[in-house]
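Written out below as structure tokens is the structure these notes cover.
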2 protein chains.
Amino acid sequence: MIDETHPAAADLRLPKVLAALADPARLLAVRALDRVGESPCTRLQQAAGLTISRSTFSHHQRVLREAGVIQVRVRGSQRILSLRRDDLDACFPGLLDAVLDTAPGLIET
Amino acid sequence: MIDETHPAAADLRLPKVLAALADPARLLAVRALDRVGESPCTRLQQAAGLTISRSTFSHHQRVLREAGVIQVRVRGSQRILSLRRDDLDACFPGLLDAVLDTAPGLIET
DNA sequence: CGAACTGTACGATAGCCTTCGAAATGAGGG
DNA sequence: CCCTCATTTCGAAGGCTATCGTACAGTTCG
């Protein structure tokens with residue numbers, strides 16, 4: 001466990017992870033995070049093309065973090081977000097890859 | 001497309017599929033359906049160990065169907081449910097397998 | 001110090017989701 | 001034709017979720 005705000009790898013649960021990934025904004029954020037690598041919030045939001053308010057993005061970031069999908073590390077005034085790829089692969093083999101490899105056209109309506 | 005109540009394979013969308021699978025009751029139902037093979041509603045509900053009302057199960061069945069996860073075929077007075085394995089594998093390779101292969105302990109709280 | 005920047009916390013709103021029971025629908029059997 | 005079995009539909013209750021704006025807190029920089 002990284003700290004109290006992150007679940008331990010052993011505490012990850014499939015319904016929670018799926019729920020976190022089921023929102024289009026969060027799904028785009030996760031896929032952008034995979035493409036650009038670890039990024040601070042604002043940069044990830046831009047990379048994902050999300051035109052939502054900062055507070056809404058912060059909410060999504062929290063949902064992803066509490067589900068165990070991403071990890072947050074503080075660097076100065078910024079929070080650096082990264083995928084918890086190893087933990088996800090260990091708990092749900094193939095799941096993250098399946099989500100990341102899905103054709104972009106199958107994401108949005 | 002099977003009929004108007006089922007989405008065509010080309011219309012499946014990842015967020016909707018993930019949302020359908022994110023509910024514990026639906027996730028258990030899908031995993032039970034994989035184990036026991038196509039089944040009528042009542043039998044699947046028992047196989048999944050779901051102690052919910054018939055109307056609630058019917059609601060979940062509808063969500064799974066409208067997301068394209070399952071297929072419903074009428075046989076007499078019964079509805080036979082089955083997984084849309086081929087369509088899911090074609091659209092989201094590896095996703096269904098990842099969900100089905102997850103350890104049972106990682107499903108519930 | 002004070003201004004600018006990054007992000008969180010709070011409170012509100014609106015919509016959606018799960019759940020139920022009761023009533024309705026439809027098939028099959030006497 | 002009625003009764004039973006399988007399932008859906010309806011309407012309602014309660015809770016959860018996404019979204020926003022504003023206010024706040026910590027960092028960096030002049």
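Each chain gets a letter, A, B and so on, in the order its sequence line appears, and its residues count up from 1.
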*Per-nucleotide protein contact string for nucleotides 24-30 of chain C, where B marks a base within reach and S marks sugar-phosphate only (heavy atoms under 4.0 Å, - for neither)*: --BSS--

*Decide side-chain hydrogen bond (donor to acceptor under 3.5 Å, both in side chains) for A:S58 and A:S55; before the verdict, give the C-alpha distance in whole Å, the side-chain angles of both, and the deciding distance to 0.1 Å.*
CA-CA 5 Å; A:S58 182; A:S55 54; over 6 Å; no

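- Note: CG (B:D3) to C1' (D:dT8) measures 15 Å, nearest angstrom.
- Straight-line distance from the CG atom of B:L44 to the C1' atom of D:dT8: 16 Å, rounded to whole Å.
- Panel note: side chain A:R26, backbone A:H60; no donor-acceptor pair is recorded below 3.5 Å.
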*Along nucleotides 11-22 of chain D, 5' to 3', which nucleotides get a B, which get an S, and which get a -, given that the test is a protein heavy-atom distance under 4.0 Å?*
-------SBBB-

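- Under a 3.5 Å cut-off, the side chain of B:S77 and the backbone N or O of B:R75 do not form any donor-acceptor pair.
- Contact between the side-chain N/O atoms of A:R62 and the OP1/OP2 oxygens of C:dA9 is found at a separation under 4.0 Å.
- Between A:I70 and A:R84 there is no side-chain heavy-atom pair separated by less than 4.5 Å.
- Tracing side-chain contacts under 4.5 Å through hydrophobic residues (I, L, V, M, F, W, Y), one reaches A:L50 starting from B:L14; they form part of the same cluster.
- Residues B:L44 and B:F57 are in side-chain contact: their nearest non-hydrogen atoms beyond the backbone lie under 4.5 Å apart.
- Judged by distance alone, with hydrogens and angles left aside, the side-chain atoms of B:H6 form a donor-acceptor pair with the main-chain N or O of B:V72 at under 3.5 Å.
- Contact between the side-chain N/O atoms of B:Q61 and the OP1/OP2 oxygens of D:dT8 is found at a separation under 4.0 Å.
- Residues from residues 34-42 of chain A that place a heavy atom under 4.0 Å from any atom of DNA chain C, listed by number: A:P40, A:C41, A:T42.
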What side-chain donor-acceptor pairs closer than 3.5 Å can you find for residues 89-109 of chain B, not counting sequence neighbours?
unit_1 : atom_1 : unit_2 : atom_2 : d
B:T102 : OG1    : B:A98  : O      : 2.8

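- Partners of B:R73 under the side-chain hydrogen bond (donor to acceptor under 3.5 Å, both in side chains) rule, at least two apart in sequence or in another chain, are B:E38.
- Protein atom CG of B:L64 is 13 Å distant from nucleotide atom P of C:dC17, rounded to whole Å.
- With rounding to whole Å, A:E4 atom CD is found 17 Å from C:dT8 atom P.
- Taking all atoms of both residues into account, the shortest heavy-atom contact from A:V36 to A:A47 is CG1-CB, 4.0 Å.
- A:Q78 places its CD atom 15 Å from the C1' atom of C:dT8, with the value rounded to the nearest Å.
- The side-chain hydrogen bond (donor to acceptor under 3.5 Å, both in side chains) check on A:T5 picks up A:D3, with sequence neighbours excluded.
- Per the geometry, CD1 belonging to B:I80 stands 12 Å off C1' belonging to D:dT7, to the nearest Å.
- Distance CZ (B:R43) to P (D:dA6): 13 Å, rounded to an integer number of Å.
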